Colleague: 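Please find one structure pasted underneath; my questions will follow.
One-based numbering, in listed order, for ligands and for the atoms of each. Everything quoted here is computed from the prediction, not taken from an experiment.
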Amino acid sequence: MGTERKPEAEKEMREWCVALPKVELHAHLNGSVRNSTLLELAKQLGDKGVIVFEDFKDVIMKNSRSRPECFKLFDLFHVLTTDHDTVTRITKEVVGDFAAENVVYLEIRTTPKNNEGKGMTKRSYMNAVMKGLKSVEDVEVVLYDSNLRTDGTLSCTPMSDLADEMKKKKIYVRLLLSIDRRETTSAALDTVNLAIEMKDQGVVGIDLSGNPVVGEWETYLPALKHAKELGIPITVHCGEVPNKKEIRAVLDFCPQRLGHVCCLDDEEWKKLKSSTIPVEICLTSNVMTGGTPSLELHHFADLYNAKHPLSLCTDDSGLFSTSLSNEYYLVASTFGLSKTELFRLAQGAVEFVFADDEVKKSLRAVFERAAAEGL
Ligand code: 6MZ
C-alpha cells in the first residue's frame, strides 16, 4: 500500500499538496491553535501564578496523545484560550495559517462558551471569534456575500487598491457552532438559537462534537431536530468509538455530513454506503486517537474505492501537528493516489460546503483556474 518516494520526489509532492487549492470542512478552532501560541499563553498565565507553566509545557509539547488524553488536553487549552482577547487572537491566527497553505474555503467550528468568571456568554464568545475573523491581515477573508457588507451596503474597491487585492490570498470562511456532548438539552438549544441569530454573519451550520464516551444522543436530539426544522445544516461526529445504538440513530437522523465514521459494524457500514452522506475524513486524528489501527488500514480506502462522497480534513491541526496539505500528502503516500486524483478529491469537497450556491460557484471557478494553470 505505502508508496516509497525518493526525497526529491517527496519534497516535490509535498510542495504540490501545499499549492493545491483546498477546502477544509472539519477544523475545531481550539484544536487548531499553534503550539507556540499555547506556550506563550501558558507562560503568561504561569508568570501571573494562575497555572504551573512546566506542567502545561509538558502536555503541550507531547507528541502522541491517546483519545482520553486529548479531551483532558482540551480542558487545559480552554483554561489558556477562553477570554475574549485570546479567542480573537487564536481565530485570527488559525485563519491565517489555513490561508497560508492555500485553503480557499474554511468551515471553522467552535463551541460557544459561557464562562461567568470571564464575563463571557455564548454570544460574547462568538463576537470575539467574529472580531478575530475581521482582523486577519495580509489575506482577504470573505465572510459574507462578497459584495455585501455587514451593514447590508455594497462595497467597492478603488482601482488603486485592486492591484494589492489581486496579490493577496483569498479565503472564504464560514462558521459552524458546536454542541459539546457535555451540554444539556437547554444549552444545546441555546447554541442552535445563536446559530439562527448569526445566520447573516457567516454561521452556516451546527456540529455535534466532544468526548464520544460522554453523554447521550437523546440529550442533543431536540436541539438537532430544531436546527433541522429551521433548515440549518448539521454535521455529527459519528462512531469515534463503537456505540451501536447511537450510530444507528445518527444514520437514521440523516445529517448533511458525518465526521470520522471509524467504528461502524458491517450493517452500519452498509447503511452509510447506501446513503450519499458526505464523510469528513481525518486521517492523522484517527490514527493518533486510535479510531483506526493504522494509516494503511484507514477506512478512507474503502470509502474512496466505493466512490462515497468524502473530503479530507485536519480535525485539530495544532493538537495533532498536521495541516490539510499534509493530509493530502498522506493520502498520496499511503494509498498511491495520483495528482489528478488528489485534485479531484479537493475539488469534490466544494459540493459538500454548507455555504450557499454563490460561494460554491466561486469555488468551482477557483479549481477551474487552477486546472487551467496546469496544477
Ligand atoms: C470530538 C472534538 C475532537 O470547540 O473549543 N473536539 N470532539 N472528537 C474530536 N476528535 C479528536 N476534536 C475536538 O474546540 C475544541 C473542542 O472541539 C471538540 C471538543 O469538544 C473540544 O473541546 P472548540 O473551539
Colleague: Ring-plane angle category for H28 and H26, please: parallel below 30°, perpendicular beyond 60°, tilted otherwise.
Modeller: perpendicular
Colleague: Are N102 and K169 packed together at the side-chain level, in the sense that at least one heavy-atom pair is separated by less than 4.5 angstrom?
Modeller: yes
Colleague: Among all protein heavy atoms, pick out the one at the shortest distance from atom 7 (N) of ligand 1; state its residue, atom name and that distance to 0.1 Å.
Modeller: G210 N, 2.9 Å
Colleague: When you look for heavy atoms under 4.0 Å from ligand 1, do you find them on the side chain of R67, its backbone, both, or neither?
Modeller: neither
Colleague: Checking K225 now: which residues fulfil salt bridge (Lys or Arg N to Asp or Glu O under 4.0 Å) with it, not counting sequence neighbours?
Modeller: none
Colleague: Would you say P212 has any N or O atom under 3.5 Å from an N or O of ligand 1, going by distance alone?
Modeller: no
Colleague: Please check: side-chain N/O of T82 versus main-chain N/O of V79, any donor-acceptor pairing under 3.5 Å?
Modeller: no
Colleague: Taking L208's backbone N and O only, do any of them form a donor-acceptor pair with H237's side chain (distance below 3.5 Å, no angle check)?
Modeller: yes
Colleague: Among protein heavy atoms, which sits nearest to atom 12 (N) of ligand 1, and what does the distance come to when rounded to 0.1 Å?
Modeller: D316 OD2, 2.7 Å
Colleague: Considering heavy atoms of the protein only, find what lies nearest to atom 24 (O) of ligand 1 and give residue, atom and distance to 0.1 Å.
Modeller: T110 OG1, 2.6 Å
Colleague: Can you pull out the closest protein heavy atom to atom 11 (C) of ligand 1? Residue, atom name and distance to 0.1 Å, please.
Modeller: D315 OD2, 3.4 Å
Colleague: Do the charged groups of D190 and K122 touch, with an N to O distance under 4.0 Å?
Modeller: no
Colleague: Taking the non-hydrogen atoms of R182, is any one of them nearer than 4.0 angstrom to ligand 1?
Modeller: no
Colleague: Which bit of L319 gets closer than 4.0 Å to ligand 1, counting heavy atoms only: side chain, backbone, both or neither?
Modeller: neither
Colleague: Mark yes or no for whether E24, through its side chain, and T314, through its backbone, hold a donor-acceptor pair below 3.5 Å.
Modeller: yes
Colleague: Just to confirm my output: which protein heavy-atom neighbour is closest to atom 17 (O) of ligand 1, and how far is it?
Modeller: H28 ND1, 3.0 Å
Colleague: Do any nitrogen or oxygen atoms of S178 lie less than 3.5 angstrom from nitrogen or oxygen atoms of ligand 1?
Modeller: no
Colleague: Report the part of D180 (side chain from C-beta onward, or backbone N, CA, C, O) that has a heavy atom under 4.0 Å from ligand 1; answer both or neither where that applies.
Modeller: side chain
Colleague: Taking only residues two or more places apart in sequence or in another chain, which ones pass salt bridge (Lys or Arg N to Asp or Glu O under 4.0 Å) with K131?
Modeller: none
Colleague: So is there a nitrogen or oxygen of H78 less than 3.5 Å from a nitrogen or oxygen in ligand 1?
Modeller: yes
Colleague: Give the residue and atom name of whichever protein heavy atom lies nearest to atom 8 (N) of ligand 1, and the separation in Å to one decimal.
Modeller: E240 OE1, 2.8 Å
Colleague: What's the shortest distance from atom 4 (O) of ligand 1 to any protein heavy atom, and which residue and atom give it?
Modeller: T111 OG1, 2.5 Å
Colleague: Do any nitrogen or oxygen atoms of S285 lie less than 3.5 angstrom from nitrogen or oxygen atoms of ligand 1?
Modeller: no
Colleague: Sort out for me which residue in T110, D83, T111 forms a side-chain hydrogen bond (donor to acceptor under 3.5 Å, both in side chains) with Y125.
Modeller: T110
Colleague: Closer than 4.0 Å to some heavy atom of N30 - which atoms of ligand 1 meet that?
Modeller: 5 (O), 14 (O), 15 (C), 23 (P), 24 (O)
Colleague: Heavy-atom contacts with L29 under 4.0 Å: which atoms of ligand 1 show up? List them by number with element.
Modeller: 24 (O)
Colleague: Classify the ring geometry between H78 and F74 as parallel (under 30°), tilted (30 to 60°) or perpendicular (over 60°).
Modeller: parallel
Colleague: Examine the side chains of W269 and D302 and answer whether a donor and an acceptor come within less than 3.5 Å of each other.
Modeller: yes
Colleague: Does F71 come within less than 4.0 Å of ligand 1, judged by its heavy atoms?
Modeller: yes
Colleague: Quick one: do K6 and E10 make a salt bridge, cutoff under 4.0 Å?
Modeller: no
Colleague: Can you find a non-hydrogen atom of R181 under 4.0 Å from ligand 1?
Modeller: no
